[in-house]
Amino acid sequence: MINPLDLLTREQLADVKQRSDLKGIWVVAFSWMMIFGAMAMFAIWPNPLTFIAAMLIIGTRQLGLAIGMHDGAHGVLTKSPSLNMFLSQWLCSYPMLAETNAYRRYHLVHHRNTQQENDPDLILSKPFPITRKSFRRKMIRDLTGQTGYQQRKAQILNALGDPSLPWDKRIDRFASKLGGAAFTNLVLFSILAVAGQWHLYFLLWVLPMLTWHQAVTRIRNIAEHAMVPDNDDPFRNARTVEASWWERLLLAPGFVNYHVEHHLFMWVPCYNLPKLHKYLLANGHGDKMEIKGSYWEVIRMATSRPDDEDKPGEVVHNARKRRVAGVVSEGFEEAEPNAA
């Protein structure tokens, strides 16, 4: 355990701990503004370039919603506990087919056991380094929707339960697990339908969720814990990436790139992480922290295994797959459904 006052002054600590209802609302509202703005851009100027741009923006901002859910699960998105839960559950978790309380139970285990054998997220970092061929296969599966389809299929089947059960019991089970998610997605579809753009729900909500969102979530997961220098050092068992403006736009919404800071002070809201980062550097702790200059630098390191060691068709089953029970790892449940 690290004493926060060993790293920050009392004034700095009080500063980064401050929670704000307005800032929390803005974190969530900004993601939705970007999502609807990208949809409007394509609706007004429908062409291949605006479609690709909208896909990238929306897929990344869906990750932004997952980050809002993450802060809500930590109870730090806003100052008001009730507002924190409302924003996290109804505007972040449910639209992304997730559930805040279930995610909280899972995620806090990751914080207690970061990079240890009982860390439920170890499956995301343990396989690395991998070959470039393996990484290419993973990205192709993500970008073509194969990963997303398999995850959503497994989630829905799990929510429906055993096929031998009567349909009324299966529907009740589905409602208990994905009822809120189904309702919020129906509301989103209805909003677009009233605007005369019902097709955008499938084209620019479901499709980005199954494709670009999967790819950007994979990259973010690799950056956070893959090939960290020391699994037992809290300064070096997670990684911070000094993201450029375009990386923040397309890969790292909600200041998710400040991951060492988050693990050191998990009760600091995401909107205070840049300030926390500056304080830690100013106080002389930068040399102890695992920091990389870009996501590309991390990907090159994570794909440094020679291609001649690649084993096409090999599926990794030795890591424990997570249960699909409405829980997402700031992304989705089974992180590596076809890990080869």
Side-chain angles (χ1 to χ4, degrees), residues 4-5 7-37 58 60-112 175-188 190-191 220 248 252-259 261-280 325-331:
L5 291 176
L7 305 180
L8 303 176
T9 67
R10 291 187 182 276
E11 292 75 17
Q12 290 171 340
L13 185 59
D15 190 19
V16 298
K17 286 174 65 177
Q18 286 292 327
R19 301 168 192 174
S20 166
D21 290 346
L22 288 178
K23 288 181 180 179
I25 291 171
W26 174 248
V27 166
V28 179
F30 182 75
S31 288
W32 281 110
M33 288 167 57
M34 292 287 285
I35 288 167
F36 283 120
I58 292 170
T60 301
R61 292 303 138 183
Q62 288 172 333
L63 176 57
L65 295 179
I67 293 163
M69 175 193 71
H70 165 270
D71 268 34
H74 279 285
V76 300
L77 184 59
T78 63
K79 186 175 182 179
S80 164
S82 58
L83 181 60
N84 176 87
M85 191 61 186
F86 173 78
L87 292 174
S88 175
Q89 190 79 300
W90 288 98
L91 296 181
C92 296
S93 301
Y94 283 158
M96 295 301 296
L97 309 184
E99 204 281 325
T100 298
N101 290 317
Y103 173 71
R104 178 186 291 120
R105 292 190 294 270
Y106 161 87
H107 183 64
L108 292 182
V109 177
H110 164 63
H111 273 277
R112 287 194 299 269
S176 69
K177 289 186 173 295
L178 289 177
F183 175 76
T184 52
N185 274 267
L186 179 60
V187 169
L188 177 57
S190 300
I191 291 171
R220 193 220 65 180
R248 293 196 301 272
F255 307 112
V256 72
N257 53 302
Y258 295 109
H259 206 58
E261 293 80 359
H262 170 60
H263 271 264
L264 289 172
F265 300 86
M266 67 177 181
W267 28 261
V268 169
C270 65
Y271 43 80
N272 286 343
L273 290 177
K275 187 184 299 183
L276 173 58
H277 177 74
K278 291 179 181 178
Y279 285 154
L280 290 171
V327 180
V328 285
S329 178
E330 296 145 30

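Nothing fancy with the numbering, it's 1 onward along the sequence. Model, not experiment: these values are computed from the prediction. When reading the values below, keep in mind they use all heavy atoms of this one structure, side chains included, and skip hydrogens, waters and symmetry mates.
Between Tyr94 and Asn185, every side-chain heavy-atom pair lies at or beyond the 4.5 Å cut-off. Taking 4.5 Å as the limit, every side-chain heavy atom of Arg104 sits out of range of all side-chain heavy atoms of His74. With a 4.5 Å cut-off on side-chain heavy atoms, Glu11 and Tyr279 do not count as touching. Looking only at side-chain heavy atoms (C-beta outward), Leu276 and Tyr258 stay at 4.5 Å or farther from each other. At least one side-chain heavy atom of Pro253 sits under 4.5 Å from a side-chain heavy atom of Arg61.
For the residue pair Cys92 and Met69, the shortest heavy atom distance occurs at CB-N, 3.6 Å. Of all the heavy atoms in Leu91 and Trp32, the pair that sits closest is O-NE1, 2.9 Å. For the pair Leu280 and Leu8, the tightest heavy-atom approach, listed with the atom from each and the gap, is CD2-CD2, 4.0 Å. Closest of all the heavy-atom pairs between Leu13 and Leu5 is CD2-CD2, 3.8 Å. Closest of all the heavy-atom pairs between Ile67 and Gly254 is CG2-O, 4.0 Å. Ala252 and Val256 get closest at one heavy-atom pair: CA-CG1, 3.6 Å.
In this structure, Tyr103 and Tyr106 have tilted ring planes: the angle between them lies in the 30° to 60° band. Ring-plane geometry between Phe265 and Trp267 is classed as perpendicular, the angle between the planes exceeding 60 degrees on a 0 to 90 degree scale with a lower cut at 30. Using the six-membered ring where Trp is involved, His107 and His111 have ring planes that are perpendicular, over 60° apart on the 30 and 60° scheme.
Between the CG atom in Asp15 and the NZ atom in Lys275 there is a gap of 3.5 Å [rounded to 0.5 Å]. A distance of 11.5 Å separates OG of Ser31 from CZ of Phe36, quoted to the nearest 0.5 Å. With values rounded to the nearest 0.5 angstrom, Ile25 atom CD1 is found 11.0 Å from Asn84 atom CG. Interatomic distance, Leu87 CG to Leu65 CG, rounded to the nearest 0.5 Å: 11.0 Å. Considering CD of Glu261 and CE of Met266, their distance stands at 15.5 Å, rounded to 0.5 Å.
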Carefully, step by step, assess His277 and His259 under the rule ring pair (Phe, Tyr, Trp, His ring centres under 6.0 Å).
CA-CA 10 Å; His277 177 74; His259 206 58; over 10 Å; no

Using side chain to side chain contact (heavy atoms under 4.5 Å, CB included), reason through Val76 and Val268 one step at a time and then give a plain yes or no.
CA-CA 7 Å; Val76 300; Val268 169; over 6 Å; no

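Judged by distance alone, the side chains of Thr100 and Gln89 do bring a donor and an acceptor atom under 3.5 Å apart. Residues Thr78 and Ser80 bring no donor and acceptor atom of their side chains to less than 3.5 Å of each other.
Judged purely by atom type and a 3.5 angstrom limit, Asn272 uses its side chain to pair as donor or acceptor with the backbone of Gln18. Arg19 places a side-chain N or O within 3.5 Å of a backbone atom of Gly75 that can act as its donor or acceptor partner. Using a distance-only test at 3.5 Å, with no hydrogens or angles considered, a donor-acceptor pair links the side chain of Asp21 to the main chain of Lys79. In terms of modelled atom types and a separation under 3.5 Å, the side chain of Tyr271 and the main chain of Leu77 share a donor-acceptor contact. Thr184 places a side-chain N or O within donor-acceptor distance of the main-chain N or O of Ala181, the cut-off being under 3.5 Å.
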